[in-house]
Protein chains: 2
Amino acid sequence: MFSKTCEYAIRAMIFVAHKSKDGTKIGIKEIAKGIDSPEHFIAKILQDLGKKGLIQSLKGPNGGFFFENETLNYSIADVVTAIDGNKLFSGCGLGLKECSTAKPCPIHNEFKKVRDDIFNMLQAAKLTQFTDGLENNLTFLNRK
Amino acid sequence: MFSKTCEYAIRAMIFVAHKSKDGTKIGIKEIAKGIDSPEHFIAKILQDLGKKGLIQSLKGPNGGFFFENETLNYSIADVVTAIDGNKLFSGCGLGLKECSTAKPCPIHNEFKKVRDDIFNMLQAAKLTQFTDGLENNLTFLNRK
DNA sequence: CCAATAAAAGACTTAAAACTCTTTTATTTA
DNA sequence: TAAATAAAAGAGTTTTAAGTCTTTTATTGG
């Protein structure tokens with residue numbers, strides 16, 4: 001469904017959203033450990049998301065990654081679009097360059113429905129709603 | 001959603017299903033042209049599907065790929081499973097090795113729903129139902 | 001049984017994704 | 001203002017997916 005890069009990105013964003021609840025910044029080492037990802041790899045990914053304005057960071061002692069309040073309103077769909085583009089949401093399921101209602105591939109309509117469902121689901125999943133849940137072991141992000 | 005290999009596989013299977021309607025065999029060159037894929041690449045893919053029993057082939061003059069009647073009852077879900085495995089249908093959306101109702105990732109339930117929808121949709125799409133539609137330009141498989 | 005045909009098989013190359021390592025830059029605090 | 005800290009940047013490597021090329025094997029019709 002997503003690239004590995006994108007999976008790491010989503011996990012990291014949810015992780016930081018949780019930790020960033022009270023405004024604290026969180027370092028890349030802790031993030032990497034928390035989501036079980038290679039440190040330098042997730043660093044690159046978060047740098048990229050930072051440039052695109054989806055997350056904030058500060059260098060130096062007590063630095064790290066965090067969210068300004070507004071950015072917590074971004075959704076997982078926004079993260080996916082930033083990393084993997086919109087192929088998942090709008091591309092043809094069979095990989096055809098041109099595929100539309102007017103000139104559909106054989107499974108165009110069925111695909112359109114599930115693609116829309118996926119988009120709506122991810123669009124509804126705002127980062128704010130992940131500020132709870134991790135600490136009380138309801139959910140997990142670093143299981144191997 | 002699918003690997004390119006899997007996209008080619010699905011397109012080829014639908015294409016052959018259509019051409020195989022009256023029992024004729026269809027050569028790899030025609031398939032490659034019909035679905036706009038590299039000839040040797042789709043050949044390998046169909047060899048693989050052949051070994052797994054999802055499609056039949058015969059060498060020599062008038063040889064080619066075709067379906068025995070029973071194999072037309074395979075679904076696109078079967079093709080996807082044969083090529084990409086069942087990760088799409090049963091894997092965790094965030095790539096976690098262990099993710100279940102008992103120990104869910106933060107978006108487990110939402111993902112389970114769309115994964116099930118995708119599976120049901122692809123399971124319902126039997127190859128038999130693609131034996132019409134291509135010829136009268138209702139659908140297309142080789143658009144660039 | 002021979003020549004032509006067409007898939008099977010295997011070895012290979014290319015391209016993209018995933019991941020690593022080192023150096024640089026910014027920030028803080030003593 | 002110097003030392004420590006932590007992200008940014010850049011240049012790599014490794015691995016996997018995608019695609020190509022050549023040789024072999026099976027089948028058929030003359």
Side-chain angles (χ1 to χ4, degrees), chain A residues 1-13 15-16 19-20 24-67 80 82-85 87-88 94-95, chain B residues 1-12 15-16 19-20 24-67 80 82-85 87-88 94-95 144:
Chain A
M1 184 101 66
F2 307 127
S3 65
K4 288 217 86 186
T5 301
C6 193
E7 290 176 354
Y8 288 140
I10 298 171
R11 272 148 67 185
M13 294 292 268
F15 188 74
V16 176
K19 298 285 184 175
S20 178
T24 53
K25 303 178 198 72
I26 172 166
I28 198 68
K29 283 199 181 80
E30 195 182 343
I31 296 172
K33 205 169 293 178
I35 69 168
D36 188 39
S37 76
E39 183 184 324
H40 292 290
F41 193 40
I42 190 60
K44 286 252 171 275
I45 296 167
L46 289 180
Q47 281 166 33
D48 183 29
L49 289 174
K51 279 178 195 157
K52 289 171 177 163
L54 277 79
I55 195 171
Q56 283 70 47
S57 65
L58 272 180
K59 293 181 182 180
N62 301 319
F65 292 86
F66 63 100
F67 292 106
V80 172
I83 302 290
D84 281 350
K87 186 174 173 292
L88 174 66
L94 301 186
Chain B
M1 184 101 66
F2 307 127
S3 66
K4 288 218 87 186
T5 300
C6 192
E7 289 176 354
Y8 288 140
I10 298 171
R11 272 148 67 185
F15 188 75
V16 176
K19 297 285 183 175
S20 178
T24 54
K25 301 179 200 69
I26 172 164
I28 199 67
K29 283 199 182 76
E30 196 181 341
I31 296 172
K33 206 169 293 179
I35 68 167
D36 187 42
S37 76
E39 182 184 324
H40 292 288
F41 193 39
I42 190 60
K44 286 251 172 278
I45 296 167
L46 288 180
Q47 281 166 32
D48 184 28
L49 289 173
K51 281 178 194 157
K52 290 171 176 163
L54 276 79
I55 195 171
Q56 283 70 47
S57 66
L58 272 180
K59 293 181 181 179
N62 301 319
F65 292 86
F66 63 101
F67 292 106
V80 172
I83 302 290
D84 280 351
K87 187 174 172 291
L88 175 65
L94 302 187
K144 304 196 192 198

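Excluded from the calculations below are hydrogen atoms, water molecules and symmetry mates; all remaining heavy atoms, backbone and side chain alike, are included. Letters A, B, ... mirror the listed sequences (proteins, then strands); counts begin at 1.
For B:Gln56, the side chain to side chain donor-acceptor pair (under 3.5 Å) partners two or more places apart in sequence, or in a different chain, are B:Thr71.
In this structure, CD1 of A:Ile28 is placed 15 Å from P of C:dC19, rounded to the nearest angstrom. One interatomic measurement links the two molecules: CD1 of A:Ile45 to C1' of C:dC19, which rounds to 10 Å at whole-angstrom precision. For the pair A:Glu39 CD and C:dC19 P, the computed distance is 14 Å after rounding to whole Å. The separation between A:Leu49 atom CG and D:dA7 atom C1' is 14 Å, rounded to whole Å. Distance CD (B:Glu30) to P (C:dT5): 16 Å, rounded to an integer number of Å. Atoms CD (B:Gln47) and P (D:dT25) sit 14 Å apart, rounded to a whole Å. Between A:Lys29 atom NZ and D:dA7 atom C1' there is a gap of 10 Å when expressed in whole angstrom units. The nearest whole Å value for the distance from the CD1 atom in B:Ile35 to the C1' atom in D:dG19 is 14 Å.
Toward the 5' end of DNA chain C, the nearer of the two residues B:Gly63 and A:Phe2, judged by each one's closest nucleotide, is B:Gly63. Both B:Leu46 and A:His40 lie close to DNA chain C; mapped to their nearest nucleotides by heavy-atom distance, the more 5′-ward contact belongs to B:Leu46.
Within the 4.0 Å cut-off from OP1 or OP2 of D:dA17, not a single side-chain nitrogen or oxygen of B:Ser3 is found. At least one side-chain nitrogen or oxygen of A:Tyr8 sits closer than 4.0 Å to the OP1 or OP2 atom of C:dC19.
Between the side chain of B:Thr24 and the backbone N or O of B:Lys19, at least one donor-acceptor pair lies under 3.5 Å. A donor-acceptor pair under 3.5 Å is formed between the side chain of B:Ser20 and the backbone N or O of B:Phe67. Using modelled atom types, one side-chain atom of B:Asp84 and one backbone atom of B:Ser3 make a donor-acceptor pair closer than 3.5 Å. Remark: side-chain polar atoms of B:Lys52 are paired, donor with acceptor, to backbone N or O of B:Ala82 under 3.5 angstrom.
Below the 3.5 angstrom threshold, one finds no donor paired with an acceptor across the side chain of B:Lys44 and the base of C:dA8.
Of the residues in residues 50-62 of chain B, those with a non-hydrogen atom less than 4.0 angstrom from any atom of DNA chain D are B:Lys59, B:Gly60, B:Pro61, B:Asn62.
Here the closest heavy-atom approach between residue A:Glu39 and residue A:Ala32 is recorded as CA-CB, 3.7 Å.
With a 4.5 Å cut-off on side-chain heavy atoms, B:Leu94 and A:Ile35 do not count as touching.
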